[in-house]
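Please read the structure below before turning to the comments.
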Amino acid sequence: MASKAIINMLSGKWQKDPTEEEIKAWNNDSNDIFVGNIKYTKEELDRLKKKSKKTLSKSNSIKSNSSSKMDKNSKQLNRNTNNKIEKNKIYKFHDISKIAVLDTETTWTDQVMSIGIVIADVETKREIRSEYYIISPEYESGGMFSNTLFDTPKKKTKVLSREEAIEGIESLLDEEAVSTIFAYNASFDYRHLPELASYTWVDIMKIAAYKQYNRAITDDMECCLSGRLKRGYGVENILGMLKPRYRETHNAYFDAIDELEIVKLLELDIDVYENAILN
């Protein structure tokens, strides 16, 4: 027995159920078959059924392609929107009043053995607070600059576990409402202190080593097309340009103070450092 759906489709009367006579007509072996009040031959019905199947198949294909195209367009729109948001992300450095400057020293096995941090006023670049952490037991394995580890003011020096030191730094940053950490060659410190990755990190070197930002870089100094010095742009070299006869101590506490001094001597507006954001 033919289904009601097929009979309705062939008769063009989808809202009306077929009568018993219509159903019987469907099974009639004669050449003349009635569907509703319309007479068809078997050949005509076969052609109609084939045509209906093709139409239905095409309709489903169109819906599928349309849905697929909409999904692709939606995904592309999301990607474009995300890229636009990322590209137009604004760091309002002119709104911040304090920054932190941080430095680390590591052991022979590349473990952090000391951290120096200085909180400074954005306008004057003067120190507000500073702390120095020697990481235990890591420092005991020694490093290239272990001989200077304890050459710091006692009241500033704390020997703590790494976890305790990180907690101390986070408390300091929280108390001073600081969300931005400056460091020289910041990728090194950032990589060694993943616990502080949520803060905005700024690489002082990306400003200090470039001729367009550092007036102490003269015309006879060889630079890349980007303006960066081709060589000799470590802390000691740069601060030596800005402050003659300087010698780096390679102690995380004093190095953090020296890096703050570079920022101060460059005499640049804080907004310039938006060009050196690491993360």
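Just so you know, residue 1 is the first one in the sequence shown, and it goes up from there. Values in this document were obtained by computation on a predicted structure and should not be read as measured data.
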Before you tell me yes or no, could you show the steps for Thr157 and Thr152 under side chain to side chain donor-acceptor pair (under 3.5 Å), namely the whole-Å CA-CA distance, both residues' side-chain angles and the distance that decides it to 0.1 Å? CA-CA 7 Å; Thr157 305; Thr152 51; 2.6 Å; yes
ask   = Between the side chain of Gln111 and the main-chain N/O of Ser141, is any donor-acceptor distance below 3.5 Å?
value = no
| message | Could you check whether Tyr139 and Phe150 have their ring centres less than 6.0 Å apart? | response | yes
What one should report as the nearest heavy-atom pair of Met241 and Ile217 is SD-CG1, 4.2 Å
Here the pair of heavy atoms bringing Ala209 nearest to Tyr233 is CB-CB, 3.7 Å
Of all heavy-atom pairs linking Ala100 and Ile117, the shortest is CB-CD1, 4.1 Å
Closest non-hydrogen atoms of Phe188 and Thr106, given as atom of the first, atom of the second and distance, are CZ-CG2, 3.7 Å
In terms of heavy-atom contacts, Tyr132 and Ser114 come closest through OH-CB, 3.7 Å
I'd like to know if Arg129 pairs up with Glu127 as an ion pair, taking the criterion as any Lys NZ or Arg NE/NH1/NH2 lying under 4.0 Å from an Asp or Glu carboxylate oxygen.
no
SB check Lys158 Glu164 (cutoff 4.0 Å): no
Self-check item: Candidate pair Ser130 and Tyr253, rule side chain to side chain donor-acceptor pair (under 3.5 Å), full reasoning
Solution: CA-CA 8 Å; Ser130 59; Tyr253 175 73; 3.2 Å; yes
Note: with side-chain heavy atoms under 4.5 Å as the link, the other cluster members for Phe145 come out as Trp108, Met144
Heavy-atom closest pair (Ile96 atom, Ile99 atom, distance to 0.1 Å) is CD1-CG2, 3.9 Å
Does any N or O in the side chain of Asp189 come within less than 3.5 Å of the main-chain N or O of Thr104, such that one atom is a donor and the other an acceptor?
yes
*Charged N to carboxylate O under 4.0 angstrom, Asp258 versus Lys243?*
no
